[in-house]
Amino acid sequence: MPAETVTVELGRRSYPVRIGAGVRREALAAAKARVDAGRRCAAITSPGVAGALPDFVAELGRLMPVLVTARDGETAKSAEEAARCWDFLAGNGVARDGAVLAFGGGVVGDLAGFAAASYQRGVEFIQVPTTLLAMVDSSVGGKTGINLASGKNLVGAFHQPAAVFADTELLRTLPGREFAAGMAEVIKHGLIADADLFGLLEQNAPLAWNHALLPAVVRRCVEIKAGVVAGDERETSAHGGRALLNLGHTFGHAVEAVAGYGTYLHGEAVAIGLAMAASLSSELGRCTPAQTERVRAVLTAHGLPDRLRGPLPVDRLLEAMRRDKKVRGGRMRFVLLEGVGAASTDDGVTEEAAVRALLAGGAAR
Ligand code: NAD
Ligand code: GLY
């Protein structure tokens, strides 16, 4: 299938997301054009990505200096690593007209994007995502950031990339567990906006990296995300809007934090959160118990957990949820399923109902 383009429509800041096998070469061409124009650029990647995809990193290295983060995983999204990025950019003479290229998963994209957003008050940024999660979600939409000891993504900036190159061939080396984690965000996109996509995921489970439908699935997710971002870039809508992309995330972020970062992959925690959000939605009569069962079934069919692997204390999960960035005026904001393919935000969900969803997902009193 030839590569395709989805445009994120943001006026003068609109940008293309190129999707398909081989588009990494377009990323190299885009980088070379900048370097040839005399602009100092730098790339940021991680040890795992550099080890799995050394040829592309070597090609990048012939064009520009490449920083390999000290480690992989959530702990790389730290103030310490951001400072290493800033020093690397400064040490290599990157100026206001320079650019930062992120080559990696959501961790590298969020970190490098934040470095690009903040260095010299903002330099250009290009994303070359290497995980399914980054291709369908984190590389698009301009949310960048790092974690604090007190919570995930608590420091960050909106900084849209100039272009995204999602080369599905790069998924060849992605470990199966990481691929499955990305499927959680794919399933989320179907649940919030596209019942047909959800049905396709039910009928073709488990979808592998080289399945003929994968590029089209990535494209559909990017289309959905691009549409949501274009309508509510900074997540300020009073109802719905960009917050819908957080279906399952209030629960999921709490699971990640309470279990300890790294116990569950981000996508696995989101999967558990999707199942909890579905059971909350059916308890509130917004979707049916049968639809909740479909959510659980599609998660497990794609190799994802639909409940906690071991019990976590419900009071600690609730405490983490109260710190969620979606809290407005002291009230937790939940994203609820309105059947399959539609969702809404709700500020009126009681803590008792949230507790019942946590318990249904394997939390313990
Ligand atoms: P990740 O970036 O940690 O990558 C997962 C692992 O796979 C890493 O060990 C990495 O080295 C390895 N890897 C990456 N690509 C590979 C490849 N092609 N071959 C072999 N190994 C490869 O994890 P992720 O799931 O991509 O991203 C999770 C992060 O994304 C979280 O921090 C989450 O908060 C963030 N996120 C951000 C947004 C956003 O809008 N900015 C959206 C969703 C998630
Ligand atoms: N992943 C949530 C967002 O981009 O808004």
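Read the numbers this way: they start at 1 and go in the same order the structure lists the ligands and their atoms. It should be emphasised that the depicted structure is a prediction, and the values quoted were computed from it without experimental measurement.
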message = Would Lys225 count as a contact residue for ligand 1, given that I'm defining contact as a non-hydrogen atom of the residue lying under 4.0 Å from a ligand atom?
response = yes
Honestly, for Val140 the part within reach of ligand 1 (heavy atoms, under 4.0 Å) is neither
protein heavy-atom neighbour closest to atom 31 (C) of ligand 1 works out as Glu74 OE2, 2.9 Å
Worksheet item: Does Val155 share a hydrophobic cluster with Phe158, counting links as ILVMFWY side-chain heavy atoms below 4.5 Å and allowing steps through other members?
Response: no
Interatomic distance, CG@Leu245 vs CD1@Ile192, rounded to 0.5 Å, equals 4.5 Å
| said: Are Val107 and Met135 connected into the same hydrophobic cluster when the rule is that any two of I, L, V, M, F, W, Y join if their side-chain heavy atoms are below 4.5 Å apart? | reply: no
In ligand 1, the atoms that come under 4.0 Å of a heavy atom of Glu178 are 5 (C), 6 (C), 7 (O)
_Count I, L, V, M, F, W, Y as connected when their side-chain heavy atoms are under 4.5 Å apart, and connections chain through other members. Are Leu200 and Leu171 then in the same cluster?_
yes
Of all protein heavy atoms, the one nearest atom 22 (C) of ligand 1 is Leu174 CD1, 3.7 Å
dist Tyr15:OH -> Glu124:CD (nearest 0.5 Å) comes out at 12.5 Å
Atom 20 (C) of ligand 1: closest protein heavy atom, distance to 0.1 Å, is Thr173 O, 3.1 Å
Counting heavy atoms under 4.0 Å, the part of Ala181 that contacts ligand 1 is neither
For ligand 2, run through the N/O pairs with the protein that fall under 3.5 Å and put one pair on each line.
unit_1	atom_1	unit_2	atom_2	d
ligand 2	1 (N)	Asp137	OD1	3.3
ligand 2	4 (O)	Lys225	NZ	2.6
ligand 2	4 (O)	Arg242	NH2	2.8
ligand 2	5 (O)	Lys143	NZ	2.9
ligand 2	5 (O)	Arg242	NE	2.6
ligand 2	5 (O)	Arg242	NH2	3.4

Honestly, for Asp72 the part within reach of ligand 1 (heavy atoms, under 4.0 Å) is side chain
query: Distance-only, no hydrogens or angles: does the Arg286 side chain make a donor-acceptor pair with backbone N or O of Glu338 under 3.5 Å?
result: no
For Asp306 and Ala275, the nearest pair of non-hydrogen atoms, with its separation, is O-CB, 3.3 Å
The protein heavy atom nearest to atom 33 (C) of ligand 1 is Lys152 NZ, 3.6 Å
In this structure, CG of Leu89 is separated from OH of Tyr119 (nearest 0.5 Å) by 5.5 Å
among protein heavy atoms, the one nearest atom 24 (P) of ligand 1 is Gly106 N, 3.5 Å
(message) Counting only nitrogen or oxygen atoms and a 3.5 angstrom limit, does Thr144 reach ligand 1?
(response) no
Atoms of ligand 1 under 4.0 Å from any heavy atom of Pro175, numbered from 1 in the order shown, are 20 (C), 21 (N)
Protein heavy atoms near atom 12 (C) of ligand 1, is at least one of them under 4.0 angstrom away?
no
For the residue pair Asp72 and Ser46, confirm or rule out a side-chain donor-acceptor distance under 3.5 Å. yes
Between Glu233 and the options Arg13, Lys143, Arg242, the salt bridge (Lys or Arg N to Asp or Glu O under 4.0 Å) test singles out Arg13
Using residues 358-365 as the side-chain source, report each donor-acceptor pair under 3.5 Å to any protein atom, sequence neighbours left out, with the distance given to one decimal.
none

Checking heavy atoms under 4.0 Å, the part of Ser138 that sits near ligand 1 is both
In ligand 1, the atoms that come under 4.0 Å of a heavy atom of Ala52 are 19 (N), 20 (C)
Nearest non-hydrogen contact to atom 28 (C) of ligand 1 from the set Asp137, Leu133, Thr130, Thr69 belongs to Leu133
One finds that the ligand 1 atoms under 4.0 Å from a non-hydrogen atom of Ser46 are 11 (O)
Q) Judging by distance only, is a nitrogen or oxygen of Val108 under 3.5 angstrom from one on ligand 1? A) no
shortest atom 35 (C) of ligand 1-to-protein heavy-atom contact is with Asp110 OD2, 3.4 Å
Heavy-atom nearest pair, Val123 first then His159, reads O-NE2, 2.8 Å
inquiry  = Could you check whether any side-chain heavy atom of Leu274 comes within less than 4.5 Å of a side-chain heavy atom of Lys188, counting everything from C-beta outward?
reply    = yes
Short version for Leu53: what comes under 4.0 Å of ligand 1, heavy atoms counted, is side chain
Checklist entry - Has Arg71 got more than 12 heavy atoms of other residues, nucleotides or ligands less than 6.0 Å from its CZ? => result yes
Please list every donor-acceptor pair under 3.5 Å in which a side-chain atom of residues 206-214 meets a protein atom from a residue at least two apart or in another chain.
unit_1	atom_1	unit_2	atom_2	d
His211	ND1	Leu213	N	3.0

Sequence neighbours excluded, the answer for ring-ring contact (aromatic ring centres under 6.0 Å, His included) partners of Phe56 is Phe103
min-distance protein heavy atom vs atom 1 (P) of ligand 1 -> Val107 CG2, 3.9 Å
Problem - Test item, Gly141 contacting ligand 1 (heavy atom, 4.0 angstrom) - result: no
**Request:** Kindly determine whether Ile187 and Leu304 satisfy side chain to side chain contact (heavy atoms under 4.5 Å, CB included), including the steps that lead there.
**Result:** CA-CA 11 Å; Ile187 291 166; Leu304 287 161; 4.2 Å; yes
| query | Would Val186 end up clustered with Leu265 when hydrophobic side chains under 4.5 Å apart are linked, directly or stepwise? | reply | no
On a heavy-atom basis, the closest approach of Arg40 and Val94 is O-CG1, 3.6 Å
Going by the 4.0 angstrom heavy-atom rule, the piece of Lys143 near ligand 1 is both
Exercise for the section: Consider every N or O of Leu170 and every N or O of ligand 1, then say whether any pair is closer than 3.5 Å. Expected result: yes
Step by step, would you call Glu351 with Met321 a side chain to side chain contact (heavy atoms under 4.5 Å, CB included)? CA-CA 10 Å; Glu351 285 197 356; Met321 285 162 67; over 6 Å; no
Within the 4.0 Å heavy-atom cut-off, what Glu169 brings close to ligand 1 is neither
In this structure, atom 4 (O) of ligand 1 is nearest to the protein heavy atom Thr131 CG2, 3.7 Å
Task: Contact check, Pro129 vs ligand 1, heavy-atom distance below 4.0 Å - done: no
Near Asn153 (heavy-atom distance under 4.0 Å), the atoms of ligand 1 are 34 (O)
Atoms of ligand 1 under 4.0 Å from any heavy atom of Val49, numbered from 1 in the order shown, are 11 (O), 13 (N), 14 (C), 15 (N)
With heavy atoms and a 4.0 Å threshold, my read on which part of Arg172 contacts ligand 1 is neither
Next on the checklist: Hydrophobic clustering (ILVMFWY, side-chain heavy atoms < 4.5 Å, transitive) - are Ile44 and Leu133 grouped together?
Outcome noted: no
